[in-house]
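All remarks here apply to the structure that follows.
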Amino acid sequence: NAGVTQTPKFQVLKTGQSMTLQCAQDMNHEYMSWYRQDPGMGLRLIHYSVGAGITDQGEVPNGYNVSRSTTEDFPLRLLSAAPSQTSVYFCASSPGVETEAFFGQGTRLTVV
Amino acid sequence: GQQVMQIPQYQHVQEGEDFTTYCNSSTTLSNIQWYKQRPGGHPVFLIQLVKSGEVKKQKRLTFQFGEAKKNSSLHITATQTTDVGTYFCAFQGGSNYKLTFGKGTLLTVNP
């Protein structure tokens, strides 16, 4: 049972480059989210989705795009990476409101 | 928007001592969840509380939700080195799915 799978695990980007962080879940969960984790800041919500075709902004959406074309996948796109986007990124999914969130292993991104 | 304040930010204890972390909100919460993140790992769900005054136990862990549903606590009795990690509280705003996390409490345990 794979759960939530994030790729890649590590990535180094140069300022201005673009990339997509992949997130896939095999639990048929409707709800998916992206968080970034920085020291002392906890987990901050970037974007979330309540179903295929539906996305919304979280607390820190600037510089990131998302789409949800299928229930399984929720990629996070950085269009023009900046050093301020150096962080650990977590994808999470859950079956519904007021249910537990299942997290992926995380992607450690460094922008130089 | 709605936020929760977690205290303390850090706690260092000797193995065998008790530990408590608190999660406080200025507004009423519909639910509170607790997660644990081991160093280098990802957050793992521990429990959810939804009822006023609710108390739940998991072995040495005791979770409480305040009567006014504005605060919550996690208490660990007789800490062990396996308890090391960051403990987060999180909440959702009613029917809104958005899951918002506190900043967490980092627990270190001296063996």
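Order of the sequence lines fixes the chain letters, A, B, ..., with proteins taken first and strands second; residue numbering starts at 1 for each chain. Because the structure is a prediction, the values reported are computed rather than measured. Just the heavy atoms: all of them, side chains too, but no hydrogens, waters or symmetry mates, feed the values below.
- One hydrophobic cluster holds both A/Val66 and A/Val60 under the rule that ILVMFWY side chains link at heavy-atom gaps under 4.5 Å.
- Residue A/Glu59 does not touch chain B at all, counting heavy-atom pairs closer than 4.5 Å.
- In terms of heavy atoms, B/Phe45 sits closest to A/Ala101 at CB-O, 4.2 Å.
- Annotation: the span from B/Gln92 atom CD to A/Thr99 atom OG1 amounts to 6.5 Å, rounded to 0.5 Å.
- Scanning both residues, B/Ser30 and A/Glu98, for their nearest heavy atoms gives OG-OE2, 3.7 Å.
- Heavy-atom distances place the side chain of B/Val50, and not its backbone, under 4.5 Å from chain A.
- At most 12 heavy atoms of other shown residues, nucleotides or ligands fall within 6.0 angstrom of atom CZ in A/Arg108.
- Clustering ILVMFWY residues whenever any of their side-chain heavy atoms sit less than 4.5 angstrom apart, transitively, puts B/Phe19 in a cluster other than the one holding B/Tyr35.
- For chain A, the nearby part of B/Gln37 is the side chain; its heavy atoms alone come within less than 4.5 Å.
- A/Arg77 CZ: more than 12 foreign heavy atoms inside a 6.0 Å radius.
- Counting only heavy atoms from C-beta outward, the side chains of B/Leu99 and A/Ser33 never approach each other to under 4.5 Å.
- At distances below 3.5 Å, not a single donor-acceptor pair connects side-chain atoms of A/Tyr35 with backbone N or O atoms of B/Phe101.
- Applying the 6.0 Å contact sphere to CD of B/Gln80 captures more than 12 heavy atoms from other residues, nucleotides or ligands.
- Side-chain heavy atoms closer than 4.5 Å link hydrophobic residues (I, L, V, M, F, W, Y) into clusters, and following such links, possibly through other members, connects B/Phe65 to B/Val4.
- Between the OH atom of A/Tyr48 and the NZ atom of B/Lys98 there is a distance of 5.0 Å, given to the nearest 0.5 Å.
- Residues B/His42 and A/Phe103 approach most closely at CD2-O, 3.6 Å, considering heavy atoms.
- At a threshold of 4.5 Å between side-chain heavy atoms, the hydrophobic network of Ile, Leu, Val, Met, Phe, Trp and Tyr places A/Phe90 and A/Leu109 in two separate groups.
- Residue B/Tyr10 does not touch chain A at all, counting heavy-atom pairs closer than 4.5 Å.
- Under the 4.5 Å side-chain contact rule for hydrophobic residues, B/Phe88 and B/Phe91 do not share a cluster.
- Proximity to chain B (any heavy atom under 4.5 Å) is restricted, for A/Leu45, to the side chain, taken from C-beta onward.
- If you measure heavy-atom distances from A/Glu30 to chain B, you find no contacts under 4.5 Å at all.
- The environment of CZ in A/Phe102 is crowded: more than 12 heavy-atom neighbours from other residues, nucleotides or ligands sit within 6.0 Å.
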